[in-house]
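Written below as structure tokens is the structure these notes are about.
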Amino acid sequence: MSRYQSVSDEGLIFFCVLHYRLFNPPEKEMEMIRRVTGAAAAAVLLAGLAACGGGSEEGGAGSATELTYWMFQDRTPQAGEVVEKIRTDFEKANPGVKVNIVKIPKDDYNTKLGSALAGNTVPDVGILDQPLVSRFALEGTIKEVPAGTLNEADFWEGALNTNKVGGKLYGFPIDHTAVALFYNKALVPTPPKTWDELKSMSAAIHQKDPKVAGIVVPKGDGYGAWMWPGVVGGAGGQMVDEANKKILFDQPPAVEALQLWVDLLPSSPREITDSDQAFANGLAGMMISGPWDVATIKDQFPDLDFNVAPLPYKTTPAGNIGGENAVVFTKGKNEQLAWKWLQHLTNATNNTVLAQALGGFPVNKEAAERDAATFGEQQQAFLEQLKVAQARPAVPQWIQINDEIIAPALESALSGKMTAQESLTDAANKTRALLGWNG
Amino acid sequence: MASPVVAQRPAETPARPGRRRRPGIGRRDHLIGWLLIAPAMVYFIIFLLYPALAALYYSFTEWDLHSAPIWVGLQNYTDLFFDDVKYPHFWKSIQVTLQYTLVAVPLTLVTALGQALLINAVRRGSNLFRLLLFLPVVTAEAAVGAIWRWLYDPQYGLVNAVLGLVGIPRQNWLNTPELVIPALAFIAAWQCGISMIIYLAGLKSIPESIREAAVIDGAGPVQRFFKVTVPMLRPTTFYLVVTGIIAALQVFGLVYVIFSGGGNRSVTGGPEQSGLAYVLHIYLYAFRYNAMGAACAMSFILLVFIMIITFVQFKFMKQEAS
């Protein structure tokens, strides 16, 4: 009701879609105009786009070979210095090579990349969101990693698998991250290792003080649905079997995983855990979250005595995974050099500092094991967790399935409207219909 | 401040001048006229008309923003309406938006009129009150969202604290599906400053003589309000209802910051999609699920719906003061 200005502009809703977010209007407009007005305008506009894209088309005149690399905007100035050092090292080791790094705010990244791909001004190599790898691979937008370019034994399997589509490798993991169990040391003397311990711990905390919840139970939203596969894995289950086109998240391990969350709710009432920063405020004994919250809590709640443990499991230690992958674009140039650059980013020397700068953990095993001690006390659990992390299903529609089908299913079970089995069966059937799978 | 459009309308249609136009001056007038409106026209064509037409085109395509659009005819439209596997929450988002509109618009108008009447009655310091009541409008939406998340906090929220004083038990406002729409509508009413200012202008334009006549005829304050003030404000109310409904149907910023924006919160529009406003749904398909074609189709469905609703209001609502 506060937007009368926009009302007077016709009240046309699609302006919201095309305008509201105000991300990269120039490229967007250019790209659309190009489609409509044809080739003549395209030449002019593409020149503009190229300029926006950091001048990747220039530099052919000199002897230097230029490589354009796209990444997310630095989180801190220090992170920028780390990236810069890695870049100059690479240029020193490869005389005559110049690496152009283009940094783009994370929120705008996918849209900018989309415009660039449509406008044929792609970078040679760049970061790609994990769940987008499968879509891009199937479209042929990115190149398969040539045999011998990456030694699979050097990387953690979960991180590597986020780059695999149909068994083939389409990118390098750069850094990765996962969720683990945060616990308040004052309320939780020893962190629970199993689901049973988790349930009894949660019950004990709430019984001791009814104003305190046992654990912040994740919600049935996109974020909760992203964490949930880690719990399913803890019962030995999987979300899908891509090779055989089978949905598995209506099978017993998944049902048990959801039932675990349902069972935790009585000792972890929502009216407590829905409060802002319930864990950090000492209103909940435990929560499931990622390494980003370690820094936030330490900064804003210096008095909270907490630590982080790997996720409790039923039969097998497991976890979810997030983080950054990098891919080589089919329309880009200097493919050999691009793979070399990715090797450089992920080698044992550079990967730890780079991953830390990016806010994640090293994907290179040697780097991770060598530098484990340099990560703080609260970060150790994530390192453990990442060894057993499982990649998201490599299904192009996965984000949509995660948000629109699985999240609501979790919510119906958590709110008590359906049993865990009913809601997951329903969600699995919807997913089968959407993907056209039979299993 | 835009005064009620409808009320001015009769004055805006002057009789055609009978005298002959002198050609030279006429042409120059035309040229100057065009020049004067040129900036607005350029803006309109580039930023409104062109994207609108482009969106119409894309609504007939399947387009993921980075490969070439594929023409699919009306399929986006039929799928939206009938395929609940592909678009499981399309109808839910319509339901949420209509409910929100039905609650938020009347609540906003009543609040705005109430505030306008109070300010109109204040003799000293009305500027200060006007400023304070207008502040929520000029506050950045992200800040509004953050503030209200705290106010609605189930543990520490001021809303619960105040309700607790009159014995209403604590509620988990933004996490209980049934309470989400009222909670959002309340924020909208709190942001009613623009309607309030327009009502205030409407109140000031009611001739004092009518009020005096009513007093002489023995009408009490309540009677004066319902028999004089409300009918005299009808053009203002009409304008506010029309624009208010259009704005409410397009509500986005508020729901986005409260349920989606920032950090790791839900992106699916609140508990059980209870806050999944139509435009948020469009946004998710456009920018999260890479289904720009379907999102454009949804935009057009909303456009047509808004046009129909607005037409119906012009046709059937009383617009003239009486």
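Every chain is numbered from 1, with letters handed out A, B, ... down the list of sequences. In this text, all values refer to a predicted model and were calculated from it rather than measured experimentally.
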Using a strict cut-off of less than 4.0 Å between a Lys/Arg side-chain nitrogen and an Asp/Glu carboxylate oxygen, indicate whether B/Arg288 and A/Asp403 qualify as a salt bridge.
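Judged by the 4.0 Å cut-off on N to carboxylate O distance, B/Arg288 and A/Asp403 do form a salt bridge.
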
Close side-chain approach of A/Pro408 to B/His89, heavy-atom, < 4.5 Å
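The answer is yes, as the side chains (C-beta and beyond) meet within the 4.5 Å cut-off.
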
Pairwise side-chain contact, A/Arg270 with B/Thr176, heavy-atom cut-off 4.5 Å (strictly under):
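No; the side chains remain at least 4.5 Å from each other.
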
Could you tell me which of A/Gln397, A/Glu411, A/Gln400, A/Lys211 has the largest number of non-hydrogen atom pairs under 4.5 Å with chain B?
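Among A/Gln397, A/Glu411, A/Gln400, A/Lys211, the one with the most close pairs to chain B is A/Gln400.
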
Approximate separation, where rounding is to 0.5 Å, of A/Asn281 CG and B/Tyr156 OH
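Answer rounded to 0.5 Å: 4.5 Å.
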
For the residue pair A/Glu404 and B/Tyr87, confirm or rule out a side-chain donor-acceptor distance under 3.5 Å.
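Checked: A/Glu404/B/Tyr87 side chains show no N/O donor-acceptor pair below 3.5 Å.
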
Crowding at CZ, B/Phe186 (>12 non-hydrogen neighbours, <6.0 Å)
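Not more than 12 within 6.0 Å, no.
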
Assess whether atom CH2 of B/Trp71 is packed by more than 12 heavy atoms of other residues, nucleotides or ligands within 6.0 Å.
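Count over threshold, so yes.
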
Taking side chain as everything from C-beta outward and backbone as N, CA, C, O, which of these in A/Leu283 sits under 4.5 Å from a heavy atom of chain B? Side chain, backbone, both or neither.
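The side chain, not the backbone.
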
Which atoms form the tightest heavy-atom contact between B/Asp153 and A/Ser275, and what is the distance?
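Looking at all heavy atoms of both residues, the shortest contact is OD1-OG, 2.7 Å.
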
Can you pull out every salt bridge (charged side-chain N to carboxylate O under 4.0 Å, His left out) where at least one residue sits in residues 270-283 of chain B? Sequence neighbours excluded, please.
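For residues 270-283 of chain B, and leaving out neighbouring residues, the salt bridge (charged side-chain N to carboxylate O under 4.0 Å, His left out) pairs sorted by first residue read A/Lys417-B/Glu272.
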
Just to be sure I understand the criterion: a residue of residues 424-434 of chain A counts if one of its heavy atoms is under 4.5 Å from a heavy atom of chain B. Which ones qualify?
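Interface residues of residues 424-434 of chain A: A/Lys430, A/Ala433, A/Leu434.
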
Please state whether the side chain, the backbone, both or neither of B/Asp64 comes within less than 4.5 Å of a heavy atom of chain A.
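For B/Asp64, the contact with chain A is made by the side chain alone.
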
Which region of B/Tyr152, side chain (C-beta onward) or backbone (N, CA, C, O), has a non-hydrogen atom less than 4.5 Å from a non-hydrogen atom of chain A, or is it both or neither?
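For B/Tyr152, no heavy atom lies under 4.5 Å from chain A.
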
Quick check on side-chain contact (heavy atoms from CB on, under 4.5 Å): which of A/Asp274, A/Asp276, A/Thr273, A/Ile272 does B/Gln155 satisfy it with?
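Testing each of A/Asp274, A/Asp276, A/Thr273, A/Ile272 against B/Gln155, the sole residue satisfying side-chain contact (heavy atoms from CB on, under 4.5 Å) is A/Ile272.
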
